[in-house]
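Quick notes on the structure that follows.
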There are 4 protein chains.
Amino acid sequence: MAVAEPESTARRRAPRVDAIRNREAIVEAAAEVLAEQGAAVDVREIARRSGVGMGTLYRHFPKKDDLVHTVLRQDFSRWAESARQAAIDAEDPWAALTDFYQQALTGYARHRAIMENFALTWSVPDLEGIRQLRLVIEELCARAGAAGLLRPGVTTDDLLLLLVSLGHAVQITDECRPQMWNRLLRISLDGLRADRREPLPTDTAPDSVSRSLRQ
Amino acid sequence: MAVAEPESTARRRAPRVDAIRNREAIVEAAAEVLAEQGAAVDVREIARRSGVGMGTLYRHFPKKDDLVHTVLRQDFSRWAESARQAAIDAEDPWAALTDFYQQALTGYARHRAIMENFALTWSVPDLEGIRQLRLVIEELCARAGAAGLLRPGVTTDDLLLLLVSLGHAVQITDECRPQMWNRLLRISLDGLRADRREPLPTDTAPDSVSRSLRQ
Amino acid sequence: MAVAEPESTARRRAPRVDAIRNREAIVEAAAEVLAEQGAAVDVREIARRSGVGMGTLYRHFPKKDDLVHTVLRQDFSRWAESARQAAIDAEDPWAALTDFYQQALTGYARHRAIMENFALTWSVPDLEGIRQLRLVIEELCARAGAAGLLRPGVTTDDLLLLLVSLGHAVQITDECRPQMWNRLLRISLDGLRADRREPLPTDTAPDSVSRSLRQ
Amino acid sequence: MAVAEPESTARRRAPRVDAIRNREAIVEAAAEVLAEQGAAVDVREIARRSGVGMGTLYRHFPKKDDLVHTVLRQDFSRWAESARQAAIDAEDPWAALTDFYQQALTGYARHRAIMENFALTWSVPDLEGIRQLRLVIEELCARAGAAGLLRPGVTTDDLLLLLVSLGHAVQITDECRPQMWNRLLRISLDGLRADRREPLPTDTAPDSVSRSLRQ
DNA sequence: GATGAATGAGGGTTCATTCAT
DNA sequence: AATGAATGAACCCTCATTCAT
């Protein structure tokens with residue numbers, strides 16, 4: 001079983017070369033289309049772009065959802081990884097945070113299906129692949145907090161929601177007004193800095209928040 | 001039918017009373033449904049709720065889009081007005097700004113079709129009814145700027161984009177985590193205050209922004 | 001409410017004339033097709049034969065199953081009624097039984113969907129419309145039993161199963177060998193007569209039955 | 001490849017061992033699946049259970065029908081043989097008949113594809129493998145007839161149709177009401193006995209039969 | 001003018017059969 | 001020869017829009 005079997009292995013792999021290529025073509029085409037048009041695309045469009053028949057597509061992904069989830073998991077992962085890398089490369093905790101957002105918003109925020117799905121984070125329990133991204137943010141939050149750079153009271157959830165929120169801003173402006181969202185990012189990050197600002201209230205009761213909003 | 005109708009004007013008014021009533025019923029029902037479910041709703045659902053037949057609906061609004069736009073114009077107007085009122089009632093320019101956002105995000109941010117449409121502000125030229133909202137923001141921006149409360153360089157577009165961005169946050173969190181968005185609002189508004197913060201760069205070139213992001 | 005409203009009634013009925021005609025055309029075409037080809041038919045075929053579009057068909061019957069069940073209910077009813085009538089018209093209890101089978105097997109046994117569905121009587125609890133047929137048989141069974149004509153021990157279930165069984169025989173032979181099934185019917189009915197034959201065992205244990213089979 | 005192969009015959013035999021094994025595996029798996037689910041099964045299911053690829057399956061049986069027919073021929077044969085054996089083992093001609101039905105209905109009547117196909121006996125000319133079964137019945141018919149035990153006028157076709165008919169009864173009841181069909185068998189066989197009953201009419205004209213049905 | 005029935009172009013999915021490896 | 005991936009026609013169903021009454 002554990003013995004190498006050059007021939008049988010080759011025999012089994014041979015047909016798969018094409019299959020793998022097709023599967024990849026499908027996922028790639030799907031990622032493209034999903035990024036452009038969101039999850040509502042016609043499956044036939046994906047098949048067309050990937051150059052395979054419907055049957056092939058459905059052989060690899062028995063339900064449209066399977067394909068969509070596969071793409072989302074992959075793209076969320078890549079997204080999380082690229083953003084995480086940007087954070088790691090940064091010199092200090094604050095730069096890590098800013099670079100994280102910068103990268104996260106530059107790379108994938110125009111991916112429609114990603115954003116559609118991301119938006120469900122709060123209403124659907126265990127969403128595809130968001131965990132990874134959340135972990136990255138958690139770490140950033142901890143690091144910046146420990147360094148005393150982050151405004152007290154700011155939570156991972158706040159940072160996550162800020163990401164979704166800005167991601168949406170990117171999505172709707174980047175095509176016509178590239179980088180316009182960067183100004184919003186700047187503003188928000190400034191609001192997040194510790195400085196001499198008072199901490200955010202721990203609760204979110206309308207009264208306390210709205211009172212404090214006016215300072 | 002073939003009879004002469006001297007008082008045609010008077011005669012025509014009578015049926016119009018019904019027509020107007022119908023039109024209003026349609027718009028009202030549509031507003032309700034569009035708020036709940038977004039623009040993807042089945043036209044039948046609108047007809048059902050308004051109590052008119054499909055034919056009537058399509059007589060008043062030859063395309064689904066016509067109805068949607070009509071509703072959006074109306075609801076954007078109401079939205080703008082309610083937010084504007086909150087701003088007017090405020091004591092000072094900064095309170096006007098915060099109250100504006102508070103009201104704007106409380107009142108209509110859960111209106112799905114509004115938000116869907118609002119998102120198109122930057123990619124579609126002259127969107128239904130957004131103008132009014134923009135005017136309100138423009139005024140707020142001017143007032144707060146004149147009072148030296150607003151961070152220099154902040155534009156109406158920034159405030160508008162912030163509104164869309166936070167509106168999205170409201171939409172995706174308010175049901176499961178009510179008021180969570182209020183924290184994000186607080187953060188963003190803090191980032192907008194003049195204080196001792198340096199002005200936002202006037203351009204949005206990636207370099208200058210990203211350089212300045214790290215301060 | 002209970003007041004007659006000639007005008008409004010007419011107004012409301014007017015459009016329905018066509019709808020009813022269509023609905024009937026659909027049901028009629030469906031009955032025809034289902035009789036010919038069974039429940040596996042393409043919905044498009046039914047739409048085509050009834051001369052309506054897919055949408056119309058689905059307006060009247062939101063699921064294919066709804067249409068199928070409607071047809072089955074109707075045809076089972078008609079079947080039960082025609083067979084029951086034949087039984088009523090008969091002179092004596094035994095003639096009632098024979099005429100019932102004669103009519104039942106002549107009228108609907110070639111209806112493929114009916115037979116497909118009928119076959120499910122024992123595996124599916126409360127099948128469409130079979131109840132009526134069962135009631136008729138129950139009555140026949142009681143009458144013939146009371147008259148001492150029916151072999152003791154014969155149950156309604158026996159008679160029902162005989163009907164399904166012979167119905168199948170009709171279905172598979174009537175086209176090529178019309179009336180061949182009639183011989184089988186004769187044989188079975190003779191086996192059901194009281195005469196001087198011993199009663200059927202009440203249980204169905206293989207042993208007792210198979211022992212008695214050899215007498 | 002281009003090398004001469006003098007012992008081509010010998011060389012060809014080697015691979016055939018596998019081929020034969022495969023063919024057998026396919027037929028066996030097909031028989032199993034066809035018995036369980038009828039001829040409508042997905043070909044993939046057969047390939048899966050037989051452990052061969054689709055290509056292999058289709059090499060041996062170019063059309064699904066080819067495989068189905070092969071299986072049916074085989075299973076009809078086995079069926080005929082098992083029933084024939086039961087008949088042979090019986091002591092007297094009548095026991096032979098009853099044991100034949102008992103065995104035939106016990107052994108294969110739950111084989112869905114067999115029954116589906118059996119049903120076509122009368123509408124399709126020279127059906128797979130039914131001949132053998134027919135021969136068995138012919139013999140039984142002759143033997144019982146010669147012994148004066150079979151009601152005069154009963155034909156091989158009658159007995160065959162009775163078998164299909166009861167086979168159907170078995171199929172639809174045996175799972176939920178095991179042996180219920182045995183009662184029907186008893187009834188039918190009683191109807192077949194000579195006793196002092198009048199002969200079956202030789203023709204099947206509705207009139208003569210239905211007249212005689214009421215006696 | 002109002003009504004709601006009719007239309008039919010898609011959208012997701014399955015499966016007998018073919019074909020490259 | 002064997003493998004199993006690829007194909008695409010056909011299936012059930014939805015919904016924006018039109019049309020007869």
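Bear in mind that the values here come from a model prediction, so they are computed numbers and not experimental data. Chain letters run A, B, ... following the sequence lines, proteins first, then strands; residues in each count from 1.
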note = Sequence neighbours excluded, the answer for side chain to side chain donor-acceptor pair (under 3.5 Å) partners of D/N22 is none
ask   = Whole-Å distance between F/dA16 P and B/L67 CG?
value = 12 Å
inquiry  = Please list, in numerical order, the residues of residues 49-58 of chain C that have a heavy atom closer than 4.0 Å to any atom of DNA chain F.
reply    = C/M54, C/G55, C/Y58
inquiry  = Going by the rule salt bridge (charged side-chain N to carboxylate O under 4.0 Å, His left out), which residues pair with D/E28 if we only count those two or more places apart in sequence or in a different chain?
reply    = none
message = I'd like to check the side chain to side chain contact (heavy atoms under 4.5 Å, CB included) partners of D/E24; sequence neighbours left out, ordered by chain and number.
response = D/I20
inquiry  = Just the rounded figure in Å: distance from P of E/dG12 to CG of A/D66.
reply    = 14 Å
ask   = OP1 or OP2 of F/dA2 sitting under 4.0 Å from any side-chain N/O of D/N22?
value = yes
task = In whole angstrom, give the distance that lies between atom CZ of D/F61 and atom C1' of E/dT18.
result = 18 Å
query = Step by step, would you call C/R21 with C/D18 a salt bridge (Lys or Arg N to Asp or Glu O under 4.0 Å)?
reply = CA-CA 5 Å; C/R21 200 176 301 154; C/D18 258 46; 3.7 Å; yes
request  = Whole angstrom is fine here: how far is it from NE2 in C/H60 over to P in F/dC12?
outcome  = 19 Å
inquiry  = Under a 3.5 Å distance rule, please check whether C/D66 uses its side chain to pair with a backbone N or O of C/K63 as donor and acceptor.
reply    = yes
inquiry  = Tell me the interatomic distance from D/R59, atom CZ, to F/dG4, atom C1', rounded to whole angstroms.
reply    = 14 Å
key: Which residue lies more 5' along DNA chain F, comparing C/P62 with B/D65 via nearest heavy atoms   = C/P62
ask   = Partners of C/R23 by salt bridge (charged side-chain N to carboxylate O under 4.0 Å, His left out), sequence neighbours excluded?
value = none
Which side-chain N or O atoms in residues 43-52 of chain A pair as donor and acceptor under 3.5 Å with protein atoms at least two apart or in another chain?
| from | atom 1 | to | atom 2 | distance (Å) |
| --- | --- | --- | --- | --- |
| A/E45 | OE1 | A/R48 | NH1 | 2.7 |
| A/E45 | OE2 | A/R49 | NE | 3.0 |
| A/R49 | NH1 | A/E32 | OE2 | 2.7 |
| A/R49 | NH1 | A/E36 | OE2 | 3.2 |
| A/R49 | NH2 | A/E36 | OE1 | 2.8 |
| A/S50 | OG | A/I46 | O | 2.7 |
| A/S50 | OG | A/A47 | O | 3.2 |

message = Give the residues of residues 28-46 of chain C touching DNA chain F, defined as any heavy atom closer than 4.0 Å, sorted by residue number.
response = C/V41, C/D42, C/V43, C/R44
task = Give a yes/no on whether any side-chain N or O of B/K63 is located under 4.0 angstrom from OP1 or OP2 of F/dC15.
result = no
inquiry  = Between C1' on E/dA2 and CD1 on B/I20, what's the gap in Å once rounded to a whole number?
reply    = 16 Å
note = Per the 3.5 Å Watson-Crick/G-U criterion and a run length of at least three, the stems involving DNA chain F are E:2-21 with F:2-21
request  = Specify the separation, in whole Å, of atom CZ of A/R23 and atom P of F/dG4.
outcome  = 17 Å
task = Check side chain to side chain donor-acceptor pair (under 3.5 Å) between C/R110 and all other residues, then give those that pass, not counting sequence neighbours.
result = C/E175
query = Is C/I172 close to D/F118 at the side-chain level, that is, under 4.5 Å between some pair of heavy atoms?
reply = no
B/R48 CZ to E/dT3 P, straight-line distance once rounded to whole Å = 15 Å
key: B/Y58 backbone acceptor or donor facing B/K64 side chain under 3.5 Å   = no
ask   = By side chain to side chain contact (heavy atoms under 4.5 Å, CB included), which residues pair with A/A35, not counting sequence neighbours?
value = A/H111
